[in-house]
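First up is the structure itself, then whatever we jot down about it.
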Amino acid sequence: MARALRFILGDQLSRDIATLRDADRDGDIVLMCEVDDEATYVRHHKKKIAFIFAAMRHYADDLRNDGFEVDYRQLDDPDHRVSSFTQALRQAVERHGPDRVVVTEPGEWRVLQMMKDWQRELDVDVEIRTDDRFIATRDDFAAWAKGRKSLRMETFYRRMRRRTGFLMEGGEPAGSRWNFDRDNRAPPADGLSFPDRPHWSVDETTQQVLDLVAARFGDHFGDLEPFAYPVTRRQATRYLNWFVTHALADFGAYQDAMMSDEALMYHSHLSALLNVGLLDPRECCDKAEAAWRAGAAPLNSVEGFIRQIIGWREFVRGIYWLNMPGYGEANALAATRELPQWFWTGQTHMKCLRQAIGQTRQNAYAHHIQRLMVIGNFALLAGLDPRQVQEWFLIVYHDAYEWVEMPNVVGMALFADGGLFATKPYASSGAYIDRMSDYCGGCRYSVNRKAGPKACPFNYLYWNFLIENRQRFAGNRRMAMMYGTLDRMKDERKDAIRADSARFFKRIEEA
Ligand code: FAD
Ligand code: DLZ
Ligand code: SF4
């Protein structure tokens with residue numbers, strides 16, 4: 001059989017990745033490489049780089065233990081002279097002289113362009129396989145989307161439920177409802193307690209990676225240590241089992257709640273493991289459904305969790321590929337403001353943002369409502385430049401790859417695509433954050449004040465946003481009520497909103 005060179009990227013660490021499916025342990029070579037370009041094309045959070053390199057090295061060890069020959073290039077290898085995937089592959093082709101190269105399609109458009117160049121430029125066949133770790137292939141999604149007037153996650157999700165059979169009973173949704181979201185909006189309650197999460201001590205392989213990241217990327221955003229995230233398939237499986245047993249039951253009710261100094265609450269914290277392939281989306285859903293069938297978790301939690309995975313996760317990926325290239329340039333609201341410096345330091349008097357950004361610095365993680373309704377909401381109301389906001393989100397989260405970050409930022413948080421899949425912008429005043437968190441009590445600003453320097457900035461920025469974008473939202477029926485309220489406001493109140501907003505923007509760095 002032909003000798004194949006099988007190239008596995010850092011977010012393709014699944015044992016059943018298409019690249020390896022027909023691999024021959026006697027003759028084929030698996031190529032993996034840590035390359036400078038990938039670590040620096042945006043200046044990723046230190047924890048993100050450490051997680052990916054540690055997971056890659058452990059995965060390579062697992063493959064070797066399973067009889068594969070792995071050509072693994074470490075970034076700190078003295079003979080390592082490659083800075084890009086293309087260079088690494090070209091040199092590996094020279095070293096091994098394979099008959100063909102096998103890869104799986106990547107998560108980012110820019111890397112797919114590289115792969116297409118390999119097909120043209122390398123003196124060897126390059127086969128690009130479909131990434132079937134996703135339940136809907138890119139073609140499936142494109143076929144579903146074709147000819148539709150609107151692309152709604154809920155419609156796609158129901159199709160995915162029918163297709164996968166998750167939470168289906170005799171062709172009908174379990175509990176006779178597709179979506180239990182209205183049961184999943186409890187504010188934080190007094191006396192909530194959060195179970196301890198499993199931790200792993202850093203082994204020698206991971207320690208070497210931490211030393212490397214400290215030396216090479218020490219000036220990147222975020223804290224490198226403590227580092228306690230799973231980096232192997234075995235640890236990832238244990239983390240998933242822990243979530244299903246100890247946190248899933250309360251996940252649903254408190255999915256939208258935020259509490260000071262509680263970064264994870266009942267969230268799964270599995271996104272980075274899913275996105276690199278240490279966990280499979282189907283197995284996560286299987287285990288969650290089994291917990292519901294065994295009476296160990298309520299349906300609102302399990303449906304909510306499964307919806308995020310077979311619904312949102314698959315949907316945003318479809319949106320990304322459908323709209324690339326060019327999606328990242330979208331700026332329907334013509335937003336141009338620079339990102340304030342405190343996006344990097346977390347040093348702001350707005351407690352909600354200080355918490356969300358501070359936790360992001362520490363953990364390379366913030367949960368969905370912090371990302372959407374605190375950081376995203378602020379970026380939307382303040383008219384921050386979508387390109388800068390995208391880059392920030394791509395840098396700071398350990399689960400961030402363009403296919404998932406971009407639609408969440410461009411489409412969901414910023415409405416920069418003009419409403420390709422969101423029916424209205426996720427804009428809110430301080431009242432929402434106050435209802436869903438305990439942040440406002442400890443904030444320098446008052447959420448109950450509507451005007452003046454002590455008022456919560458979200459309160460006037462929200463109305464200012466509606467005033468400034470009136471033309472754009474004129475025909476949006478879902479915003480008619482808000483515009484009705486705005487229209488009933490006295491002119492003096494509208495003037496105060498404009499004046500407060502102008503003062504805020506002038507001194508945004510001191511906010
Ligand atoms: P849980 O709340 O426990 O949810 C379970 C799983 O569902 C997640 O692990 C994730 O795989 C999936 N999921 C949930 N919501 C989404 C969503 N909107 N899109 C895709 N998958 C989803 N997610 C990323 O994986 N990478 C990103 O770069 C990313 N950027 C985001 C940027 C913005 C502005 C927003 C609003 C959301 C973003 N998300 C991103 C989606 C979501 O916030 C994270 O997936 C989630 O917070 C991860 O935490 P968790 O694993 O504890 O999720
Ligand atoms: C994110 C990342 C980083 C930081 N480093 C590497 C690397 O050195 N080698 C590698 O194979 N992959 C890395 N990755 C993940 C890639 O950026 C990812 O595979 C592409 O963005 C395609 O999704
Ligand atoms: Fe955030 Fe406003 Fe509450 Fe302060 S008062 S925490 S700025 S919502």
Side-chain angles (χ1 to χ4, degrees), residues 7-12 32-42 44 48-49 51-53 56 73 75 85 88 106-108 110-112 153 217 243 247-248 251 255 264-276 279 281 284 304-309 311-317 348-355 365-376 378-379 389-390 393-394 396-410 412-414 426 428-434 437 439-449 455-459 511:
F7 190 6
I8 297 203
L9 309 185
D11 54 356
Q12 300 184 335
M32 297 179 70
C33 40
E34 296 166 10
V35 295
D36 214 43
D37 280 8
E38 292 304 308
T40 57
Y41 76 95
V42 294
H44 302 286
K48 177 178 177 186
I49 303 177
F51 164 62
I52 291 171
F53 285 7
M56 285 174 69
R73 301 275 134 174
L75 197 78
F85 283 150
E108 301 194 344
R110 74 185 166 87
V111 182
L112 184 60
M153 198 292 292
F217 309 109
F243 167 71
L248 175 63
F251 167 81
Q255 204 178 338
L264 299 171
M265 298 186 65
Y266 301 110
H267 286 273
S268 70
H269 203 211
L270 296 175
S271 48
L273 302 173
L274 275 160
N275 294 353
V276 298
L279 290 177
C284 295
F305 179 70
I306 289 180
R307 172 159 29 90
Q308 306 312 317
I309 293 182
W312 279 112
R313 186 171 185 271
E314 298 275 336
F315 180 79
V316 297
R317 177 181 185 254
T348 162
H349 298 298
M350 291 180 276
K351 183 162 177 203
C352 50
L353 282 153
R354 193 165 71 237
Q355 281 278 319
Y365 174 89
H367 71 65
H368 186 65
I369 294 301
Q370 293 177 303
R371 296 189 204 195
L372 182 63
M373 298 310 293
V374 176
I375 303 171
F378 179 84
V389 181
Q390 283 172 66
F393 272 95
L394 194 56
V396 304
Y397 291 116
H398 69 167
D399 53 22
Y401 302 87
E402 225 180 59
W403 65 266
V404 55
E405 166 274 324
M406 190 183 284
N408 272 299
V409 173
V410 172
M412 200 184 293
L414 299 185
Y426 283 91
S428 88
S429 68
Y432 174 85
I433 296 174
D434 190 32
S437 78
Y439 294 150
C440 300
C443 183
R444 170 186 277 204
Y445 298 100
S446 165
V447 74
N448 297 320
R449 290 192 193 212
C456 166
F458 284 88
N459 287 347

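Just so you know, ligand 1 is whichever comes first in the structure, and atom 1 is the first atom listed for that ligand. Bear in mind the structure is a predicted one, so any value in this text is a computation, not a measurement. FYI, the numbering just counts along the sequence from 1. Atom set for the values below is all heavy atoms of this structure, side chains included, hydrogens, waters and symmetry mates excluded.
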Side chain, backbone, both or neither: the part of Ala272 lying under 4.0 Å from ligand 1 by heavy atom: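 Neither part.
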
Which option, [options], owns the non-hydrogen atom nearest [atom]?
atom                    : options                        : value
atom 39 (N) of ligand 1 : Asn408, Leu264, Ile369         : Asn408
atom 26 (N) of ligand 1 : Val396, Val389, Asp399, Val409 : Asp399
atom 40 (C) of ligand 1 : Gln370, His398, Arg371         : Arg371
atom 45 (O) of ligand 1 : Ser271, Gly376, Ala379, Pro407 : Ser271
atom 5 (C) of ligand 1  : Phe305, Phe393, Tyr266         : Phe305

Using heavy atoms and a 4.0 Å limit, tell me yes or no: is [X] in contact with ligand 2?
X      : result
Gln12  : no
Met56  : yes
Trp403 : no

Minimum-distance protein heavy atom relative to atom 25 (O) of ligand 1: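 Protein heavy atom at minimum distance: Asn275 ND2, 2.9 Å.
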
Residue part near ligand 2, for Arg110, under 4.0 Å between non-hydrogen atoms: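 Near ligand 2, Arg110 shows its side chain, while the N, CA, C and O stay back.
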
Results of side-chain hydrogen bond (donor to acceptor under 3.5 Å, both in side chains) for Arg73 - residues two or more places apart only: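 By the side-chain hydrogen bond (donor to acceptor under 3.5 Å, both in side chains) rule, Arg73 matches Asp71.
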
Protein N, O or S atoms lying under 2.8 Å from atom 3 (Fe) of ligand 3, listed by chain and number: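 Under 2.8 Å from atom 3 (Fe) of ligand 3 - ignoring waters, which are not counted - the protein N, O or S atoms are Cys440 SG.
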
